[in-house]
There are 2 protein chains.
Amino acid sequence: MSAEVSPGKRRRGPSMADVARLAGVSGQTVSRVANDRHNVDAETRDRVRAAMNQLGYRPNSAARALRNGEYRSIGVIVFELHSFGTTRTLDAIAIAATIRGYSINLVPVLDVTQSAVTNAFGRLGEQAVDGVIILIEAHTLDAAGVRLPEGLSVVVVDSSAHYDYPIVDTDQRQGARLATEHLLDLGHKTVWHLGGPPTSFAADRRRRSWEQTLIDHGREVPPVYDGDWSATSGYEAGCRLAEDDQVTAVFVANDQMALGLLRALYERGLAVPDDVSVVGFDDMEEAAHFWPPLTTVRQTFTEVGRQSVDALIAEIHSGEHHNAPVAVPTELIIRRSTAPPRSV
Amino acid sequence: MSAEVSPGKRRRGPSMADVARLAGVSGQTVSRVANDRHNVDAETRDRVRAAMNQLGYRPNSAARALRNGEYRSIGVIVFELHSFGTTRTLDAIAIAATIRGYSINLVPVLDVTQSAVTNAFGRLGEQAVDGVIILIEAHTLDAAGVRLPEGLSVVVVDSSAHYDYPIVDTDQRQGARLATEHLLDLGHKTVWHLGGPPTSFAADRRRRSWEQTLIDHGREVPPVYDGDWSATSGYEAGCRLAEDDQVTAVFVANDQMALGLLRALYERGLAVPDDVSVVGFDDMEEAAHFWPPLTTVRQTFTEVGRQSVDALIAEIHSGEHHNAPVAVPTELIIRRSTAPPRSV
DNA sequence: CGCGCGCATGTTGACGTCAACATCGACGCG
DNA sequence: CGCGTCGATGTTGACGTCAACATGCGCGCG
């Protein structure tokens, strides 16, 4: 049903010149029609449109980019699409960019060694992009000490303060405080913390804010347990936490680790929320169906994506960046994994 | 520490001509150095390299694409990065493409209405891509009845047989059989099925294969329950399933729905695996930490990604496609959500 | 000693588009 | 009736790169 492949080797599609010839006009007129300029006679426009359809003409974006000095494309650097947050943010970025007429160039970093990151940035220089959004945790970036190609606009989605680049992220501080105070309000004497990896600024912020909240309320600050965001690490930390019967409330730095923690508690015969209350962070889809359904801090990734695209586009057009970090607020979703401590 | 922004308005980076001038050679020689041609004197090459570094020269990919008639870029059409499988496959595609020297152009479809899909495909025609991988469930595509711009190579990641395009996907048939036979082998009289949405070919394949397996073993085929891949839909179907005390074994079409099902069973006081055995599909990270840890069918997304990129690149270069579908095998991961039926 | 060959390097033009400028006809107004 | 204006359309060249075709030099060999 398809076929129609001319045996010749030419694969290039029709160009403006071809359309122009068929419609009996100049290339410039075709260009005007293609770009919806209004100063074209209606009858001429129709004729050109018809010729375009007949030939299946598509403007050549390389030529356009070359001519205009602008690609209308944004590079997004990511490392593994395993984490829920990264994935969601990427989705939001892609949608926001599309709406604004930009396309997305996905640049995966194969591993987080210095050379791989440097490499990816190098590749990026040759990529057809007007600007870059960095979606990898910034500590890594810091350690690698790489500089991006100059003259490229950049926005970082993370919570580091150590950057020259504009920053957009969830308000980690507010989210962690929300979670911690919720547990305190329920009557828990203090709140334990299962944190993310020390290489993550986001994890760092959540940890500090949890600590500060406890201090502000005059509570004791228990030792921190660290995970790496994975459910497995949450399970492992949970096994250790479960041995301490002082623990009545835990704020976990993300939902996946919270899932591992829940499992560890079950295996030890501890009831949630009766024996231990648990709060997560992210509000991934599944959180509502954990057992019990997880109380957690909801991030609005859509907003993070939108804001970072807006910041980048502004930077691309102005040529300079505003350094004020953007912090997107969170919301506490209360489900059934939290309750007042048993008895009192 | 940065600054150095010339107040002039020109933003364009240095071109070959600039490098050539600085190094005292012709543009062509710079081109040869940039492309690692060997017929350049070592001393000259060093001089050119030095000039490149000094100026921060980056080849202009638009000009290169225009000149070569090739973008070295692959478009990937996706609809929402919510499902585990899509995300993982995208990641694998991005990595495989990068290794082969192609970049990834992510094209989100805003919703699955016909107009949105058509629209996305239209946009794609103007995109700087040599080929396209379609990562949305193909039924939708079918319904929309859109044709892609001609002359563009396409690979579909899904299990439809109704396409002119080459297809790469997990071997749904084999996976579903694996799951069903595992439950039968344990001694269950028959196996219930909680399927994915009827609009998905993948879900369809899994359902048919489950059914065929039961028939092959001479078992009764119970009515199917349908979900939409989400944990919530699994929960809802689970509530209905739990009322039928005939049910001792369920094969669920993905892990997320299995999670919802587990929750529903718990709430009804049914023990897994003692009262009901459950098998999922996907083997997402969290599956090992569900309660109980979920027996499931592992898909190797890496392989699906790699194969689809390879197929697409082959098609781009040959100009024609081989229509033999590629089916990537699965593996059954046995955990603790399955056991022989209680007593007998 | 002269011819030819191989190698490093230079010159030219074309890829497709679009801004800037040029052209041309129609129409209005003094 | 002539001049100015405006709107539609055409012509030219440049964006940056690279293949194809010069050019020019040194060296080996008869």
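Each chain gets a letter, A, B and so on, in the order the sequences are listed, and its residues count up from 1.
- The interatomic distance linking Glu70(B) (CD) with dG16(D) (P) rounds to 22 Å, in whole Å.
- Phosphate contact (OP1/OP2 of dG16(D), side-chain N/O of Tyr71(A), threshold under 4.0 Å): absent.
- Thr44(A) has a side-chain polar atom (N or O) that falls below the 4.0 Å cut-off from OP1 or OP2 of dT9(D).
- At the phosphate of dC15(C), neither OP1 nor OP2 sits under 4.0 Å from any side-chain N or O atom of Arg67(A).
- Within the 3.5 Å criterion, the main-chain N or O of Arg37(A) finds no donor-acceptor partner in the side chain of Asn35(A).
- Residue-level contact check: Arg37(A) touches the backbone only, with heavy atoms under 4.0 Å from sugar-phosphate atoms and none from bases.
- For the pair Asn39(B) CG and dC21(D) P, the interatomic distance rounds to 16 Å; values are reported in whole Å.
- In terms of phosphate contacts, Thr29(B) brings a side-chain nitrogen or oxygen within less than 4.0 Å of OP1 or OP2 of dG10(C).
- The CZ-C1' distance, from Arg58(B) to dT17(D), rounds to 17 Å in whole Å.
- When each of Asp41(B) and Asn68(B) is assigned the nucleotide of DNA chain C with its nearest heavy atom, Asp41(B) is the one assigned upstream, toward the 5' end.
- Residue His317(B) holds its NE2 atom at 7.5 Å from CG of Asp130(B), rounded to the nearest 0.5 Å.
- For Met16(A), the listed nucleotide lying nearest its side chain is dT17(C); candidates were dG10(D), dT17(C), dT17(D).
- Taking atom CG of residue Asp18(B) and atom P of nucleotide dC15(D), one finds them 10 Å apart after rounding to whole Å.
- Taking a cutoff of 4.0 Å between a charged side-chain nitrogen and a carboxylate oxygen, Asp91(A) and Arg88(A) do not qualify as a salt bridge.
- In this structure, CZ of Arg47(B) is placed 12 Å from C1' of dA8(C), rounded to the nearest angstrom.
- Across the protein-nucleic acid pair, Tyr57(B) atom OH and dG16(D) atom P stand 10 Å apart, rounded to whole Å.
- Among the heavy atoms of the strands lying under 4.0 Å from Val40(A) are primed sugar atoms or P, OP1, OP2 only; no base atom is included.
- A residue-by-residue look at Leu66(B) and Val25(B) shows that Val25(B) has its nearest nucleotide of DNA chain C further toward the 5' end.
- Salt-bridge check for Arg49(B) with Asp46(B): failed, with every basic side-chain N at 4.0 Å or more from each acidic carboxylate O.
- OP1 or OP2 of dC18(D) sits under 4.0 Å from a side-chain N or O of Arg64(B).
- Side chain of Gln28(A), nearest nucleotide from dA20(C), dT17(D), dT17(C): dA20(C).
- One interatomic measurement links the two molecules: NE2 of His38(B) to P of dC7(C), which rounds to 9 Å at whole-angstrom precision.
- Contact between the side-chain N/O atoms of Asn35(A) and the OP1/OP2 oxygens of dC18(C) is found at a separation under 4.0 Å.
- The structure places CD1 of Ile133(B) at 4.0 Å from CD1 of Ile93(B), a figure rounded to the nearest 0.5 Å.
- On a pure distance criterion of 3.5 Å, a polar donor-acceptor pair joins the side chain of Arg32(B) and the base of dG10(C).
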